[in-house]
Structures are given as C-alpha cells and as structure tokens.
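Next up is a structure, given as structure tokens.
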Amino acid sequence: MQIYNTLTRRREEFVPLKDKEVKIYVCGPTVYDFFHIGNARVFITFETFRRFLKYRGYKVTYVQNFTDIDDKLIKRANEEGISVKELADKYIQEYFKDADALGIERADYHPRATETISDIIELVKKLYDEGYAYEVDGDVYYRTRKFEGYGKLSHQDIDELAAGARIEVGEKKEDPLDFALWKKAKQGEPSWESPWGKGRPGWHIECSAMALKFLGETIDIHAGGPDLIFPHHENEIAQSEGATGKPFAKYWMHVGYLNINNEKMSKSLGNFFTARDVLSKYDPEVIRFFMLSAHYRSPINYSMELIDQAQKGLERLYNTVNDLTYYLKNTAGQTASPGLTIELEPYKERYIKAMEDDFNTADAISVLFELSREINTALREGVSADSGQKALALMKELGGILGILKKEGEVNLEEEIELLIKKREEARRNKDWSTADSIREQLKKMGIILEDTPGGVRWKKEIL
RNA sequence: GGCGGCAUAGCCAAGUGGUAAGGCAGAGGACUGCAAAUCCUUUACCCCCAGUUCAAAUCUGGGUGCCGCCUCCA
C-alpha cells in the first residue's frame, strides 16, 4: 500500500505505527456557516479512504474536529445577535445533516475546540515552559524560529516566509512569523480563565491538542484541505513536536482544490456552492461518484455539465446492478442450461491494487465499468444464478467502499402502476402505439421507466 | 521575488521506460412498432523543441500556457 506524503513529496510504503491500527486526524469545518463543496471533497475523500482501510482489515480510529471558536464565529454571532455557542451548535447540526446525506460515515470522535480548552491550556503551558512560547500582555505567541523544522511541511525556507509575513495592528510579536497560541479576551468575546488571564485559543493549537488527546503523541495520518498546508499544518507540527519532542504525524495527506471554472472557489469571487445547494440538485451518490472519479490530489472542476456526465456514468453502473437483480429474480434458473460463470477474482484484485496505489479511485472505478460490461454481456447470454449472485455482491461490495450503488432500484408495483402497464400491454397488442406511448410517458412522469425487452416488459424506478 | 502543481481524443480522466484504461458525447451496426437499456465497431501525431535510451506520454534540459501557496480559507 502506497501513500503520497506531503512531508516528503513522494509516494511511500504505508506502514502503520502499530500493527494494523491506523490513527487518522482530519481537520474539520469551522462551524460558522454551511460547509461548501470544497469541504465536502475533503470529507468524502478521507472518509472513503477510511472505508477502504477498514475493508482491508485495518482498525481505524478516525477523528474529525469542529472549530467552534474563532474570529469568523464571533463576527457572525454578533451579526446574528446570538451567542457563539448557539451559532456553533446550529451549524454542527447542519453539518451532520449534510454529511449524513452525503453518506459520510461519522468519525469515531468529533471533538469541539471549546470542549478541549483545558487540554489546550496544558499544551500552551508546556510550550511556554519549554521556551517555545512567550506571553505579551495576555497574548501568548509561538516562538517560530525556536523550532528547528519550521517550514518542513510546506517546504518553505523560514527566511523566505519571513519576507512575506506581516504583523497586524495590535500584535506584539517578537518576530513576524510567530503566531498566536492564546488570545487575550476582548470585550464581549467568549473567554476562558488561563494562567495568562482570560482569553481564548488561537486557531492552530486546538488541532494539536485534540489530536494529542484522542490519538496520542504520534499519529499515522493527518489530513485536510490543500490550503491548510501553510500555515495551519505547519504550525500544528511546530506546536506538537515542540511540546512532545516526537514526530506529530507519519503521513500528511492533502486533497486537490475543487475549482469553479478552473479557479479556486472563494467567497470574494462569488463562485461559491454549499453542499446543501448541490444536494438540492443532485443525488448524493452522484456527487460522491463525481468527486471520486478523479485522483484525490488533482484539482477538479465543478460544473453542472461535469456532474451530469458523472451521473450518466453512475447510471450505467446502476443499470447493470438493476438488470442483474431483475434477472436473478425473474429469469435465472428458469432455463435448462446451467449458464455462464463470470471470473470475478481478477476484477476484485485490480480494484484493490488500484486503491492501494495511493487511493487511485479513478482507476478503481474503471474496474467497476469493466466488470459492469462483462456482467451485461453475460446477462444476454445467460449467466448462472450462483455466478450472478456473486457478481451482484461484488459490484455492491466494491461500490460500497466508494459509497455508491447502495440504492435498491426495484420497488413493489403499486396497483395503479400495474394497471397502467396492463393497459399499455393491451394497446400494444392492438398496435395502438399512440396510447401505448402516452402511458409510457405518464409513467415516466411518475418516475417509472419502462423497457420493452425480448423477455417482456421491464420497469424500473428512476433512482438518480 | 521564493516554492509547488498541471498540460493525454469534442468533454472528463487513468497511466512514472516497452509503442495509449475507463466514462460522457458523436458516428455506424445488432435488437426493437417506436423508445429505453444492452452488445459490437469506430474517434489520440499523449503542449512545443532538444537530449538520454534498443525503447519515452512516462527520464533530463529548455520553452510556452494554465493554476496554486507564500495572508483568513478545505
């Protein structure tokens, strides 16, 4: 199993710190608003990797945090005239609504920064005692130049970084590169007691503290969005390794950007879509399929056209699953001939091989398409019930890792629909094509698609 | 200015030395009352130039173009 490590900029053999146990920390959303589809890409991507690791027998402990105290939350809460906690509670709920809808399995732990304050304070204290932090008038800063490896993740030279750094008004840092671990409370802001007086945590320290608390000093995989590499993850390394003296994470993983019209999605450009927007227009599985159809480190472009393309592709896979299901229910075993057998093992092996190659979901999906074609062919020639069952199970098994092919296409015929189909059959026998076609249209509007096959009339529910 | 990524058919997209997966769209065919679905066939001088090699989309150098990070951001 190979994983690309941002730290070394190479693909590395994946060896967990301990046996087959994998500890993963993913930076979660700042809960001041609905999350957007760029966030969704991160959550879907790493959650899918977790599924695959579990599938391969790893015991995964997965942590994804909520940032529920920061400038953006404070600003938004003030605008809405509610407390920061009320705002955060609201958007954590909304997070779960959207994430659940997208089929994103819940993490083992979803810690909140505000519930980790005592751990954060302990960590800052430790950094202070070690000389990695200093206090100025109630603020505590990290002494960046004291940490030897600073810049190793983003591969930036510390002096080059210093050239671009700025000190904001009101900050009293020793060095422009230093960053806040603890911020002195301002009037009307949420705050907690600390050795440096009332205040709140800086942004980066919470992730160090939560990873430490739930996963320990060294974790296997730390993951997140691409724009977290600098400064967020760089700072996390400085904090965690400064405090423990041990490597923070063995593998650092980052997804590519999700772009709109080939440009980074951002609020200032107004090219912004929340997951909820997109969920109102597309089936969640289509969104997952779309995101997983390119390599996770490549940028992907979001547009209706491309999502439509993805939907068509997913429909093709579903046609196979539904045709096979139908066949097994209605046709298999009814003929005297034993039927074909499909060699399934090679597909499974190729799929696993693709996923073990730095999670090449695009390649894995192509295996599903090839399996799909072979099943389709076998279906017209007559596949054995046993082999058909196994093929169906494999499609669902491999699709399930990606979070697709989970729907049941068949529904029980309601009487009204049954009646319509009978009427249409009668019309067809009388070669009354216009009546037959209008009934088919009528059913289409009800979400029922009819197919006249050599074996008789097939119907299916429109599922995407 | 510093650092990095990408450039494969109309579109999307795999492929890190041995003469190009897969999907969408298109064309032709089979099936069909018509559709739909499915199957078969078909569509690539792998951005340009030079080099290394028996052999390069894949390695090296140069060029062009696009994108990103260095500042809150997934």
Side-chain angles (χ1 to χ4, degrees), chain A residues 6 9 11 26-30 35-43 45-46 67 70-72 75 151 154-157 159-166 168 176-177 203 223-232 234 254-259 262-268 289-290 293-295 297-301 303 305-320 322-323 326 350 354 357 360-370 372-381 427-428 431-434 436-437 440-441 444 449-454 457-460:
Chain A
T6 306
R9 287 183 175 162
R11 238 182 269 204
V26 180
C27 286
T30 301
F35 69 86
H36 56 65
I37 53 174
N39 294 298
R41 185 181 189 193
V42 173
F43 306 147
T45 296
F46 293 113
T67 296
D70 87 327
D71 293 345
K72 291 194 289 290
K75 181 163 178 271
S154 54
H155 299 93
Q156 295 278 340
D157 182 82
D159 292 314
E160 295 293 345
L161 284 169
R166 296 241 173 99
E168 290 185 26
L177 280 178
W203 173 36
D227 41 5
L228 295 184
I229 296 171
F230 189 91
H232 184 57
E234 196 72 71
H254 297 93
V255 302
Y257 277 108
L258 187 145
N259 296 327
N262 290 315
E263 285 183 325
K264 183 178 166 178
M265 185 168 70
S266 81
K267 285 190 172 172
S268 54
F289 184 80
F290 166 70
S293 63
H295 189 88
R297 285 189 281 111
S298 304
I300 53 175
N301 212 23
S303 73
E305 288 78 5
L306 296 177
I307 299 263
D308 285 341
Q309 278 193 17
Q311 173 159 334
K312 293 276 181 53
L314 184 57
E315 272 169 11
R316 179 177 169 79
L317 296 178
Y318 260 117
N319 282 332
T320 297
N322 290 155
D323 288 354
Y326 182 88
R350 283 172 56 207
D357 181 16
N360 194 334
T361 52
D363 216 7
I365 285 172
S366 79
V367 175
L368 288 182
F369 278 112
E370 289 179 39
S372 177
R373 164 172 288 135
E374 177 153 1
I375 292 172
N376 290 337
T377 301
L379 237 29
R380 6 166 57 207
E381 291 168 18
R428 291 183 72 211
K431 298 200 188 300
D432 179 3
W433 308 124
S434 65
D437 289 349
R440 185 166 58 195
E441 266 310 300
K444 176 92 166 49
I449 296 168
L450 291 189
E451 296 179 357
D452 299 326
T453 71
V457 184
R458 276 265 331 255
W459 61 270
K460 65 183 181 186

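Letters A, B, ... mirror the listed sequences (proteins, then strands); counts begin at 1.
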So, do A:Trp433 and B:G33 meet the stacking rule of ring centres under 5.5 Å and planes under 30°? yes
In A:Thr320, A:Asp323, A:Asn319, the residue satisfying side chain to side chain donor-acceptor pair (under 3.5 Å) with A:Asn376 is A:Thr320
Going 5' to 3' through nucleotides 16-26 of chain B and flagging B where a protein heavy-atom sits under 4.0 Å of the base, S where only the sugar-phosphate is that close, and - otherwise, we get B----BSBSS-
Closest to side chain of A:Asp437, choosing from B:A30, B:C34, B:C70: B:C34
So, does A:Ser298 get its side chain near the phosphate of B:A14, meaning an N or O under 4.0 Å from OP1 or OP2? yes
Distances under 3.5 Å between protein N/O atoms and the N/O atoms of nucleotides 1-4 of chain B, please, pair by pair.
| unit_1 | atom_1 | unit_2 | atom_2 | d |
| --- | --- | --- | --- | --- |
| B:G2 | N2 | A:Gln156 | NE2 | 3.0 |
| B:C3 | O2' | A:Arg9 | NH2 | 3.4 |

For B:A7, the nucleotide meeting Watson-Crick or G-U wobble distances (both under 3.5 Å) is B:U64
Measuring to OP1 and OP2 of B:U38, would you say a side-chain N or O of A:Asn319 lies under 4.0 angstrom away? yes
Per the atom types in the model, does the base of B:A35 pair as donor or acceptor with the side chain of A:Arg440 at under 3.5 Å? yes
Any strand counts, and the cut-off is 3.5 Å on both contacts for Watson-Crick or G-U wobble. Which nucleotide pairs with B:C69? B:G2
B:A30: pairing nucleotide in any strand, Watson-Crick or G-U under 3.5 angstrom: B:U38
Closest to the 5' end of RNA chain B, once A:Thr453 and A:Glu374 are matched to their nearest nucleotides, is A:Thr453
Can you tell me the pairing partner of B:A21 across any strand shown, Watson-Crick or G-U wobble, with both distances under 3.5 angstrom? none
Report the nucleotide, chosen from B:C69, B:C34, B:C11, that has the shortest atom-to-atom distance to any side-chain atom of A:Lys264. B:C69
Considering Watson-Crick and G-U wobble pairs with both distances under 3.5 Å, what does B:C59 pair with? B:G51
Residue closer to the 5' end of RNA chain B, A:His295 versus A:Tyr257 (nearest nucleotide): A:His295
On the nucleotide B:A36, are OP1 or OP2 found under 4.0 Å from the side-chain N or O atoms that A:Lys444 carries? no
Does A:Asn360 put a side-chain nitrogen or oxygen below 4.0 Å from OP1 or OP2 of B:A14? no
Need the pair for B:C46. Rule: Watson-Crick or G-U wobble, both distances under 3.5 Å, any strand; none if unpaired. none
